[in-house]
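Reminder, nothing fancy here: chain letters follow the sequence lines and each chain counts from 1.
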There are 2 protein chains.
Amino acid sequence: MVILDPESNIPLYMQLRTQIIEAIVRGDLALGDTLPSVRGLAGDLGINMHTVNKSYHELEAKGIIEIVPKKGAVIIANTEKGPSNKQREDITEELRPAVAEALVHGMKEADLHQLISELILKMKGT
Amino acid sequence: MVILDPESNIPLYMQLRTQIIEAIVRGDLALGDTLPSVRGLAGDLGINMHTVNKSYHELEAKGIIEIVPKKGAVIIANTEKGPSNKQREDITEELRPAVAEALVHGMKEADLHQLISELILKMKGT
DNA sequence: TTTTTTGTTATAGTAAATATAGAACAGTTC
DNA sequence: GAACTGTTCTATATTTACTATAACAAAAAA
């Protein structure tokens with residue numbers, strides 16, 4: 001279930017790619033599953049085909065899906081095997097600003113671990 | 001020491017505000033210290049005054065500095081006291097996409113804690 | 001085999017975000 | 001008084017984000 005907020009300061013294509021990733025994490029989508037066609041999903045969400053296409057290509061760049069021309073997009077992310085070195089570095093840089101903000105407000109290492117654990121629970125939950 | 005990358009896809013004002021936060025985390029800037037004037041810092045960095053001003057106002061919105069008109073910007077972030085509820089929620093939402101990406105690539109909770117710990121070390125170190 | 005659907009590419013346009021530039025104002029500091 | 005401060009205003013250029021069509025060629029379905 002994807003819900004986009006057109007008023008958000010977060011671009012639509014980012015909201016979409018994040019929610020697709022979370023759908024995989026929840027198990028709503030699994031390895032080998034195919035994503036809806038760019039036209040189909042765009043129609044359902046009431047947004048433009050190119051916006052969906054941009055999300056898909058970002059997911060492909062992250063190694064989460066594979067786009068087969070003229071066919072469709074298939075999930076290739078292996079939620080069992082760990083991340084590659086590059087993926088791990090990308091994740092680190094993505095975490096950096098938020099971690100810095102946490103530390104500047106006095107959060108301790110243990111607090112951050114707790115917060116992360118809560119986030120994981122919420123994300124994997126209903 | 002602030003270094004900006006004009007070629008980055010990350011806006012200058014975001015790079016700047018993140019690096020100021022990290023400077024506080026490192027201890028290069030402390031509670032009560034005043035930031036350089038918007039004109040002064042803009043000159044040093046070779047960017048526009050308004051760009052620096054935008055960074056400062058984002059830091060103020062995050063409760064990290066206080067801008068006193070006609071005087072300057074003072075650091076009010078207390079790196080000892082924990083974050084407010086709102087700050088904690090903001091940090092959680094900022095972490096969400098990166099955590100989702102980590103999980104989709106098969107990182108386990110313990111792996112993420114390890115990665116966070118490494119990040120904190122790097123951030124507080126030289 | 002015809003039709004539909006697929007991702008891709010190209011062009012075009014609007015709106016917002018980002019960054020710069022210069023000027024003026026009114027307090028603060030020296 | 002002079003220099004410096006953040007603030008506000010106008011203005012402009014560039015990039016990003018999003019939408020809108022259209023056309024293409026290959027795959028899939030009828």
By nearest heavy atom, map B:G40 and A:K54 onto DNA chain D; which one lands nearer the 5' end? B:G40

So, is [X] close to the [N] phosphate, meaning a side-chain N or O under 4.0 Å from OP1 or OP2?
X	N	value
B:S37	D:dT5	yes
A:K71	D:dA28	yes
B:N53	D:dG6	no
A:Y13	D:dC18	no
A:K70	C:dT5	no
A:T51	D:dT19	yes

Please state how far atom [atom1] in [X] lies from atom [atom2] in [N], giving the value in whole angstrom units.
X	N	atom1	atom2	value
B:I67	C:dG27	CD1	C1'	16 Å
B:R17	C:dT18	CZ	P	10 Å
A:N48	C:dG7	CG	P	14 Å
A:L41	C:dT6	CG	P	11 Å
B:E58	D:dG6	CD	P	17 Å
B:M49	D:dG6	CE	P	10 Å
A:D44	C:dT5	CG	P	14 Å
A:R39	D:dC24	CZ	P	14 Å

Distance criterion of 3.5 Å, no angle test: do you see the side chain of A:H50 paired donor-to-acceptor with the base of C:dT8? no

Kindly indicate, with the supporting measurements, whether the criterion side-chain contact (heavy atoms from CB on, under 4.5 Å) is fulfilled by B:M1 and B:D28. CA-CA 9 Å; B:M1 192 52 182; B:D28 291 352; over 6 Å; no

Hydrophobic cluster membership, A:L31 vs B:L103, 4.5 Å side-chain cutoff: no

Shortest non-hydrogen contact between B:I91 and A:H105, atoms and distance: CD1-ND1, 4.4 Å

Min side-chain heavy-atom separation A:L112-B:L95 under 4.5 Å: yes

Steps toward side-chain contact (heavy atoms from CB on, under 4.5 Å) verdict (B:L115, A:T92): CA-CA 7 Å; B:L115 194 155; A:T92 302; 3.5 Å; yes

